[in-house]
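On a predicted model such as this, the values are computed, not experimentally measured, just so you know.
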Amino acid sequence: MYDFDREIDRHGTWSVQWDGTADRFGVSDLLPFTISDMDFASPPEVLAALRERVDHGVFGYTDWRLGEFREAIGHWYASRYAAEIDPGTLVYAPSVLSQLSQLLQMWTAPGDGVVVHTPTYDGFRKAVTGLGRELRGVPVGDLEALERELARPDSRMLLLCSPHNPTGRVWTEEELRVFAELAQRHGAAVVSDEIHADLTTDGQRHIPWTRIAEPGRGHRWALVTSGTKAFNFPALSGSYGMIGDPDERQAFVRRMETGEGLASPAVLSLTAHIAAYRHGAAWLDELRAYVAGTMGLLRERLAGLPGVDWTPPQAGYLAWIDLRPLGIEESRLQEELVAVEKVAIMPGGVYGTPGFVRLNVGCPRSKAERGVDALVRAAERLRRG
């Protein structure tokens, strides 16, 4: 029903992925597989709603609590996750990272530790260290290391990526309950970034943190997310969150509306979210199936590299590929990809784990083929010496 094979020229649209490769890779004419947005147009249902709102012609100050925004979120969580959302627990912010910044300032102090899983989304690192907090990484799946870091007296927050970026790991309910118990035992707040939740593969079940956490006073937790990732409208901005403690929730709203001066949201973001959550499910399901097919293609192409036993992620369109068995230095591989293959692929060192690459395949399959084939060719040349 939807055409994900159509290639759309994004050059000259101020795209970070397409027009901004020189900022990170030093070269401007690269085929990019980098920052996590997609090359697909947003759902036609979203585009139609945006056109109707633009045709209205008036873009005055708005209030996200007055219209259908909260009800659309409640509908989405009920239909997608069988989770009941209390609209009164919702908050709004320009982005997930802006929510995280506020929560870090509310629940931690400079010098405090913030525990994350490694490899770590680079936006987390920038937010945490930029505010003078200490990023404390534990490997995905290492519960002993997690408890050890949370037990440190100045570890004040557990910052989850659920599902995990860049690995695409979907946490099980048992794992999430262990995280909650450890955080409570050691007095750490929990912030769960769930922006990739809608992109799970078939057979995987995302559990919202609201199903795990205890509501009410004295429970410092927040779920932060947005529809911008799954439905591909990040440039419209806009995110929302759920905060368990009502006093903390009001404190967050005051910070956003007074301290940050962000009382009026971007109206087109509200419009896009409502349309996506009310009418975008069919598009999203087709997208997920298309990306799964592309991931299968990657698996076939990568199978020719000796020792590289890659499995598609449980969520998302980001392929996290372990190339360490090839014994290739990351810097040499990047030089080969950029100078010879003319492609931009994120090195694992950006996420604290050299030897991996993160390949964005949220794109038409023809483009994904060019990217993985370039990666395989570069790796094979360097392996042969």
Side-chain angles (χ1 to χ4, degrees), residues 16-17 20 23-24 32-38 93-104 108 113-131 133-142 145-146 149 155 157-171 175-176 179 183 188-200 204 206 208-209 221-230 232 234 237 239 241 291 313-322 330 344-362:
V16 173
Q17 182 165 191
D23 291 340
R24 186 183 291 272
F33 301 87
T34 54
I35 192 169
S36 59
D37 66 8
M38 296 185 283
S95 70
V96 163
L97 287 178
S98 68
Q99 288 190 72
L100 173 59
S101 175
Q102 295 301 318
L103 293 165
L104 282 166
T108 68
V114 177
V115 181
V116 297
H117 287 98
T118 56
T120 307
Y121 165 48
D122 56 323
F124 283 1
R125 186 189 70 248
K126 293 173 184 176
V128 171
T129 60
L131 288 170
R133 279 64 171 170
E134 181 179 303
L135 195 73
R136 294 176 178 169
V138 299
V140 167
D142 191 337
L146 180 64
E149 290 300 329
S155 286
M157 179 182 289
L158 172 60
L159 176 53
L160 291 176
C161 204
S162 180
H164 184 260
N165 174 17
T167 67
R169 169 79 167 268
V170 174
W171 304 112
E175 287 173 319
L176 292 171
F179 297 164
V190 178
V191 176
S192 181
D193 174 354
E194 303 188 9
I195 199 170
H196 293 272
D198 294 327
L199 295 166
T200 54
Q204 297 297 326
H206 170 72
W209 190 254
W221 63 264
L223 184 164
V224 296
T225 190
S226 173
T228 59
K229 186 71 64 179
N232 204 39
S237 76
S239 73
V291 170
Q314 296 174 330
Y317 49 80
L318 305 171
W320 181 246
I321 306 168
D322 185 358
E330 183 168 278
I345 300 173
M346 298 296 281
V350 170
Y351 313 97
T353 312
F356 289 71
V357 293
R358 196 190 78 168
L359 179 70
N360 177 350
V361 295

Q: Can you tell if the side chain of Ile35 reaches within under 4.5 Å of the side chain of Arg24, non-hydrogen atoms only?
A: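 The answer is no; the side chains never approach within 4.5 Å.
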Q: Quick one: closest heavy-atom pair of Val138 and Ala145, and the distance?
A: CG1-O, 3.4 Å
Q: State whether the side chain of Glu194 and the backbone N or O of Trp209 hold a donor-acceptor pair below 3.5 Å, judged by distance alone.
A: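 Flag set: sc Glu194 to bb Trp209 pair under 3.5 Å.
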Q: Calculate, to the nearest 0.5 Å, the distance between atoms OG and CG belonging to Ser36 and Asn232 respectively.
A: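 So the gap between those two atoms works out to 10.0 Å.
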Q: Got a donor-acceptor contact below 3.5 angstrom from the Arg133 side chain to the Ala127 backbone?
A: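 Here the side-chain-to-backbone pair does not exist.
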Q: Would you indicate whether the side-chain heavy atoms of Trp221 and Leu158 approach each other to under 4.5 Å?
A: no
Q: Val224 versus Leu97: any side-chain heavy-atom pair under 4.5 Å?
A: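 Val224 vs Leu97: side chains apart.
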Q: In Å and rounded to the nearest 0.5 Å, what is the OG1 to CG distance from Thr34 to Asp23?
A: 11.0 Å
Q: Do side-chain atoms of Gln314 reach the backbone of Val170 as a donor and acceptor pair under 3.5 angstrom?
A: yes
Q: To the nearest 0.5 angstrom, please state how far the CG atom of Leu176 sits from the NE2 atom of His206.
A: 8.0 Å
Q: Can you list everything that forms a side chain to side chain donor-acceptor pair (under 3.5 Å) with Thr353? Sequence neighbours excluded, please.
A: none
Q: Dump the intermediate steps for side chain to side chain contact (heavy atoms under 4.5 Å, CB included) on His117 and Cys161, then the final yes or no.
A: CA-CA 8 Å; His117 287 98; Cys161 204; over 6 Å; no
Q: Where do Asp198 and Lys229 land on the side chain to side chain contact (heavy atoms under 4.5 Å, CB included) test, with the steps shown first?
A: CA-CA 9 Å; Asp198 294 327; Lys229 186 71 64 179; over 6 Å; no
Q: Check for a donor-acceptor pair, side chain of Tyr351 on one end and backbone N or O of Asn165 on the other, with a separation under 3.5 Å.
A: no
Q: Is there a donor-acceptor pair closer than 3.5 Å between any side-chain N or O of Gln204 and the backbone N or O of Ala315?
A: no
Q: Partners of Arg169 by salt bridge (charged side-chain N to carboxylate O under 4.0 Å, His left out), sequence neighbours excluded?
A: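 Checked Arg169 against salt bridge (charged side-chain N to carboxylate O under 4.0 Å, His left out); matches are Glu175.
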Q: Tell me whether Asp193 contacts the main-chain N or O of Leu159 through its side chain, where contact means a donor paired with an acceptor under 3.5 Å.
A: no
Q: Mind running side chain to side chain contact (heavy atoms under 4.5 Å, CB included) on Leu104 and Val128 for me, showing each step along the way?
A: CA-CA 8 Å; Leu104 282 166; Val128 171; 4.1 Å; yes
Q: Can you list the steps and then say if Leu100 with Phe124 is a side chain to side chain contact (heavy atoms under 4.5 Å, CB included)?
A: CA-CA 9 Å; Leu100 173 59; Phe124 283 1; 3.9 Å; yes
Q: Excluding sequence neighbours, so at least two apart, what forms salt bridge (charged side-chain N to carboxylate O under 4.0 Å, His left out) with Asp322?
A: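 Asp322: salt bridge (charged side-chain N to carboxylate O under 4.0 Å, His left out) contacts with Arg324.
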Q: Quick check, are the ring centers of His164 and Trp320 under 6.0 angstrom apart?
A: no
Q: Ignoring hydrogens and angles, state whether a donor on the side chain of Arg136 or Ser155 is under 3.5 Å from an acceptor on the partner side chain.
A: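 Distance-only check passes for Arg136 and Ser155.
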Q: Nearest 0.5 Å, please: how far is OH in Tyr317 from CG in Asp37?
A: 6.0 Å
Q: Please tell me if the side chains of Met346 and Leu318 come closer than 4.5 Å, counting only heavy atoms from C-beta onward.
A: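 Side chain of Met346 against side chain of Leu318, heavy atoms only: no contact under 4.5 Å found.
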Q: Is the distance between the ring centroids of His196 and Tyr121 less than 6.0 Å?
A: no
Q: So does Pro94 get a backbone contact from the side chain of Ser239, meaning a donor-acceptor N/O pair under 3.5 Å?
A: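 Checking the backbone N and O of Pro94 against the side chain of Ser239, no donor-acceptor pair under 3.5 Å is found.
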Q: State the CE-CG distance between Met157 and Leu103, to the nearest 0.5 angstrom.
A: 6.0 Å
